[in-house]
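Below is one structure, written out as structure tokens, with a few remarks after it.
Quick note on labels: first sequence line is chain A, next is B, and so on, each numbered from 1.
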Protein chains: 2
Amino acid sequence: MFTIGDAARASGLPTKTVRYYADVGLVKPDARSQSGYRLYGQSELRKLMFVRRARAFGFSVDECRELLGLYEDRDRPSREVKKLALQRISEIEKKMEELQFLHHELTHLADACRGDDRPDCPILSSFAEDTD
Amino acid sequence: MFTIGDAARASGLPTKTVRYYADVGLVKPDARSQSGYRLYGQSELRKLMFVRRARAFGFSVDECRELLGLYEDRDRPSREVKKLALQRISEIEKKMEELQFLHHELTHLADACRGDDRPDCPILSSFAEDTD
DNA sequence: GTAATCCTTCCAGTAACTGGAAGGTCAAGA
DNA sequence: TCTTGACCTTCCAGTTACTGGAAGGATTAC
């Protein structure tokens, strides 16, 4: 059994985050020591690592909860997991399009701005325009 | 002078948001009516619109505060504005790279997942792997 | 007059932590 | 045995930028 610090090191998550995951019921410790320390077993360590990776892939904590459920259920159809992944993919695509647009616009504005001592600035002008 | 509802309609922001901006001192009403209603003048409407656009470009509320300051100061050098814009641009680029990576990885995994009734799923396997 | 709409303030909640304070626990060294 | 330092506990507050809702006053239209 590992204390929370060990679990944190092993999973690559901050201690605070592991405690937070315990609080919200995402990955609970197997047990508590006599003095109240959280104690994690191997399988919980694996879950923590699992969650860290899924979070890094942009899955929300709630989605991680769902994935953990699927992960634990050895008989669940892979369809459900794929569905979650495809949803995430399309969210990522949407976000990328938005960013692309912002990047384009801002670059355009920054290029047009002399960036010198003079106050003329098309960036601010564009924010102040009456048109949308 | 416009009440908060008018200001909201004119600026394209939700009423709650306009009130919030007043609370945090981003765009304060010119005055209050006898009954305590917030009253906005033309110049405040312009600032609200300005903020809405800058927010749409991903500038944080604090950055908007800064931009408003520059916007109000008719003598500030455009260099300062450009600096903020360039910072934002590089943040956007970094974010896009991250998303690109996630998209690539997730697409790869989703492609490899059959998405059928069977439980075999490379997506979950990859989250559960011992390697990083 | 009254109903609908608008306005006010205040409180709480969102997502996912993070920081800090106050205090208990544990292992090692003098 | 005592103490030091590292570790653990809980609880509270703050972060970002709002958003929702409740309770209640103001204004406007009919």
Side-chain angles (χ1 to χ4, degrees), chain A residues 1-40 44-45 47-48 50-68 87-88 91-92 95 98 102, chain B residues 1-40 44 47-68 87-88 91-92 95 98 102:
Chain A
M1 294 291 236
F2 305 87
T3 62
I4 199 168
D6 298 333
R9 268 181 295 279
S11 64
L13 289 166
T15 306
K16 278 270 190 190
T17 302
V18 177
R19 200 172 284 124
Y20 172 75
Y21 287 164
D23 286 350
V24 299
L26 183 59
V27 180
K28 288 190 200 152
D30 287 324
R32 293 278 185 146
S33 75
Q34 281 196 333
S35 52
Y37 285 20
R38 288 173 184 78
L39 298 174
Y40 292 88
E44 266 55 43
L45 291 195
K47 285 188 210 167
L48 286 171
F50 180 98
V51 168
R52 177 173 62 75
R53 294 212 178 82
R55 290 281 303 126
F57 273 93
F59 288 91
S60 72
V61 165
D62 269 351
E63 285 170 330
C64 286
R65 212 187 295 277
E66 204 169 340
L67 283 170
L68 267 185
Q87 273 175 16
R88 279 264 72 221
E91 282 165 29
I92 288 172
K95 193 76 194 162
E98 278 173 39
L102 292 182
Chain B
M1 295 291 235
F2 306 87
T3 61
I4 199 167
D6 297 335
R9 266 180 298 278
S11 64
L13 289 166
T15 306
K16 279 270 188 187
T17 301
V18 178
R19 200 172 284 123
Y20 172 76
Y21 288 164
D23 286 350
V24 299
L26 183 61
V27 180
K28 290 189 199 154
D30 287 323
R32 295 278 184 146
S33 75
Q34 283 196 332
S35 53
Y37 286 19
R38 288 173 184 79
L39 297 174
Y40 293 86
E44 266 54 45
K47 285 188 210 166
L48 286 171
M49 251 177 285
F50 179 97
V51 169
R52 177 172 62 74
R53 294 210 180 83
R55 290 279 305 126
F57 274 92
F59 288 91
S60 72
V61 166
D62 269 350
E63 284 170 332
C64 287
R65 210 186 296 276
E66 205 169 342
L67 284 169
L68 267 185
Q87 274 174 16
R88 277 262 75 220
E91 282 165 28
I92 289 171
K95 193 79 195 158
E98 277 173 41
L102 292 182

Rounded off to whole Å, could you give me the CG-to-C1' distance for the A:Asp6 and C:dT25 pair? 15 Å
Residue closer to the 5' end of DNA chain C, A:Tyr21 versus A:Ser35 (nearest nucleotide): A:Tyr21
Between C:dT8, D:dC11, D:dC18, spot the one nearest the side chain of B:Ile4, thanks. C:dT8
Intermediate values then yes/no, side-chain contact (heavy atoms from CB on, under 4.5 Å), A:Thr15 and A:Ile4: CA-CA 6 Å; A:Thr15 306; A:Ile4 199 168; 3.7 Å; yes
Most 5' of B:Ser60 and A:Arg32 on DNA chain D, judged by nearest nucleotide: A:Arg32
Please lay out, stage by stage, how A:Leu68 and A:Val27 fare under the test side-chain contact (heavy atoms from CB on, under 4.5 Å). CA-CA 9 Å; A:Leu68 267 185; A:Val27 180; 4.1 Å; yes
Let's see if you can work this out: which of D:dA17, C:dA16, C:dC7 has an atom nearest to the side-chain heavy atoms of B:Tyr37? C:dC7
A:Asp62 has an atom CG; how far is it from atom C1' of C:dC17, in whole Å? 14 Å
Protein-nucleotide distance (A:Asp23, atom CG; C:dA16, atom C1'), rounded to Å: 12 Å
Rounded distance in Å - CZ (B:Arg9) to C1' (C:dC6): 9 Å
Taking CZ from A:Arg52 and P from C:dA16, how many angstroms apart are they, rounded to a whole number? 17 Å
Let me know the distance between CD of A:Gln34 and P of C:dG24, rounded to the nearest Å. 18 Å
Can you tell if the side chain of A:Val61 reaches within under 4.5 Å of the side chain of A:Tyr21, non-hydrogen atoms only? yes
Whole-Å gap separating P (C:dT8) and CZ (B:Arg38): 5 Å
Output the single nucleotide from D:dT10, C:dC17, D:dA17 whose closest atom is nearest the side chain of A:Arg19. D:dT10
How many Å lie between OH on B:Tyr20 and C1' on C:dC7, as a whole number? 21 Å
Using a cut-off of 4.0 Å on non-hydrogen atoms, how would the nucleic acid contact of A:Thr3 be classed: base, sugar-phosphate, or nothing? sugar-phosphate
Determine: side-chain N/O of B:Thr17 to OP1/OP2 of D:dT19, distance under 4.0 Å, yes or no. yes
Nearest heavy-atom neighbours spanning B:Tyr40 and B:Asp30: C-OD2, 3.7 Å
Could you go step by step and tell me if A:Tyr20 and A:Leu26 meet the side-chain contact (heavy atoms from CB on, under 4.5 Å) rule? CA-CA 9 Å; A:Tyr20 172 75; A:Leu26 183 59; over 6 Å; no
For B:Arg55 and for B:Lys16, find the nucleotide of DNA chain D with the closest heavy atom, then tell me which residue's nucleotide is more 5'. B:Arg55
